[in-house]
2 protein chains.
Amino acid sequence: MKSLHDMPEGAASASVSLDRLFELAEVLGTLMEHGVAERGLTRARAGLLWALFHDGAMTQRALAGQLGVTPRNVTGLLDALEADGLVVREAHPTDRRAMLVSLTESGRTLTDGLRRGRDALALELFGEMPASQLAAIQDGLETVLARLRAIDRVDG
Amino acid sequence: MKSLHDMPEGAASASVSLDRLFELAEVLGTLMEHGVAERGLTRARAGLLWALFHDGAMTQRALAGQLGVTPRNVTGLLDALEADGLVVREAHPTDRRAMLVSLTESGRTLTDGLRRGRDALALELFGEMPASQLAAIQDGLETVLARLRAIDRVDG
DNA sequence: CTACATAGTGAAGTCACTTCACGATATGCC
DNA sequence: GGCATATCGTGAAGTGACTTCACTATGTAG
């Protein structure tokens, strides 16, 4: 008799892989949440800092676009980050409606720490691994990611 | 000159892999959220249904443990699911303090649909892929997951 | 039978998010 | 210049997922 709901062999294997993927996503998310919480941040706030860290000063509208959330939400996140002194809102040089948001010194220090933490995690996960296996993983992830994005574009 | 913050070659490769992993986790999460929303559910509520689907009727306390949330939270999720007729709370046969939660017919139909959707996604992501590549991916995921869990147990 | 642990829930609060309405400014057009 | 219209940020109000704390009802061990 067959296990896993009587599906053909390949389908069962695919299902298992997807399960691993979900599990991985969850554990990874939790881990990141904890790491970020240790520095007094939440995921959403850290995401905003990360965007500024990578792409530099930006308008709130641009941040909203980058993060895929409403401008109103960005306002709220910034209120908290600014109160913590991690971020500053300055007048936009040419558009008086807009605010230019940038990291403070303290915000830059924090995001630098985040980057170091992420790099350390990358090494723990992928370090000391045969190059061939790393390549296979990278290739596999790339393939799956491509298919995933294809689905998103079709019915997302 | 070196790219990616002057890190050694292996570290940079590891970093890229981790980035892919995060990206994959995010896209996968969003996709699942949408799929679940189409059936009138949220992620948390779907997670609860999924637990019941897999492990059968359970006490609220047990559900809280399974989901890794507080019992109070389960109460709230169940209030919503019960209002939607997807779940029933019955008196526990031997413990009069406890509630036995189980799927209704409608709840079972819904979770069945979720399972089919998941299986379909698994096929879209991993179907029509050379067996060797699938095996490599599975192996890679397993390895990374093991390392991730090791970290979780140490400093989580 | 008393002491203590456990199951569920009300009350209150936090955080991420949304929509809608509004004031302030920019911009295109005549 | 002047007016319509789009855009930038924010107040108000609401939802969903969480939490902690306090409390009632019940089980259980000594």
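What's counted below: heavy atoms across the whole structure, side chains too, no hydrogens, waters or symmetry copies. So that the names make sense, note that chain A is the first sequence line, chain B the second, and so on, each numbered from 1. All values derive from a computational prediction rather than experimental measurement.
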Find the distance A:L78:CG to D:dG11:C1' and express it as a whole number of Å. 16 Å
Report the distance from atom CG of A:L67 to atom P of C:dC15, rounded to the nearest whole Å. 18 Å
Residue whose nearest DNA chain C nucleotide is more 5′ - B:R72 or A:L77: B:R72
Would you please confirm or rule out a distance under 4.0 Å between OP1 or OP2 of C:dG8 and any side-chain N or O of B:T59? yes
Identify, between A:T94 and B:D79, the residue whose nearest nucleotide on DNA chain C lies closer to the 5' end. B:D79
Nucleic acid contacts - residues 37-47 of chain B versus DNA chain D, non-hydrogen atoms under 4.0 Å: B:T42, B:A44, B:R45
Between A:T75 and D:dT10, is there a contact of a side-chain N or O with OP1 or OP2 at under 4.0 Å? yes
Among C:dT25, C:dT9, C:dT18, which is the nearest nucleotide to the side chain of B:P71? C:dT9
Under 6.0 Å from the CD atom of B:E23, do we count more than 12 heavy atoms belonging to anything else shown? yes
Would you mind reading off the distance between B:L48 atom CG and C:dG8 atom P, rounded to a whole angstrom? 12 Å
Side-chain heavy atoms of B:L63 within contact of B:L77, under 4.5 Å: no
Heavy atoms under 4.0 Å, any strand shown: does B:D95 hit a base, just sugar-phosphate, or nothing? sugar-phosphate
In whole Å, what is the span from the CG atom of B:N73 to the C1' atom of C:dC15? 13 Å
Which whole-number value in Å describes the distance from A:L63 CG to C:dC17 C1'? 16 Å
Report, as yes or no, whether the 6.0 Å neighbourhood of atom CD on B:E90 holds more than 12 heavy atoms from other residues, nucleotides or ligands. yes
D:dT10 phosphate, OP1 or OP2: any side-chain N/O from A:Q60 under 4.0 angstrom? yes
When we call it a touch if two heavy atoms are under 4.0 Å apart, what does B:R61 touch: a base, just sugar-phosphate, or nothing? base
Any Lys/Arg nitrogen of B:D79 or B:R89 sitting under 4.0 Å from an Asp/Glu carboxylate oxygen of the other? yes
Does A:S17 reach the main-chain N or O of B:Q138 with its side chain, forming a donor-acceptor pair under 3.5 Å? no
Neighbour count >12 (heavy atoms, 6.0 Å) for atom CD, B:E128: no
Once you round it to whole Å, what is the distance between P of C:dC17 and NE2 of B:H34? 13 Å
Could you tell me the separation between the CE atom of B:M58 and the C1' atom of C:dA7, rounded to a whole number of Å? 16 Å
Taking the side chain of A:A98 as its heavy atoms from C-beta onward, which of D:dG9, D:dT10, D:dG27 lies nearest to it? D:dG9
A:M58 vs A:V101 side-chain heavy atoms within contact, under 4.5 Å: no
Under-3.5 Å donor-acceptor pair between A:R97 side chain and D:dT7 base: yes
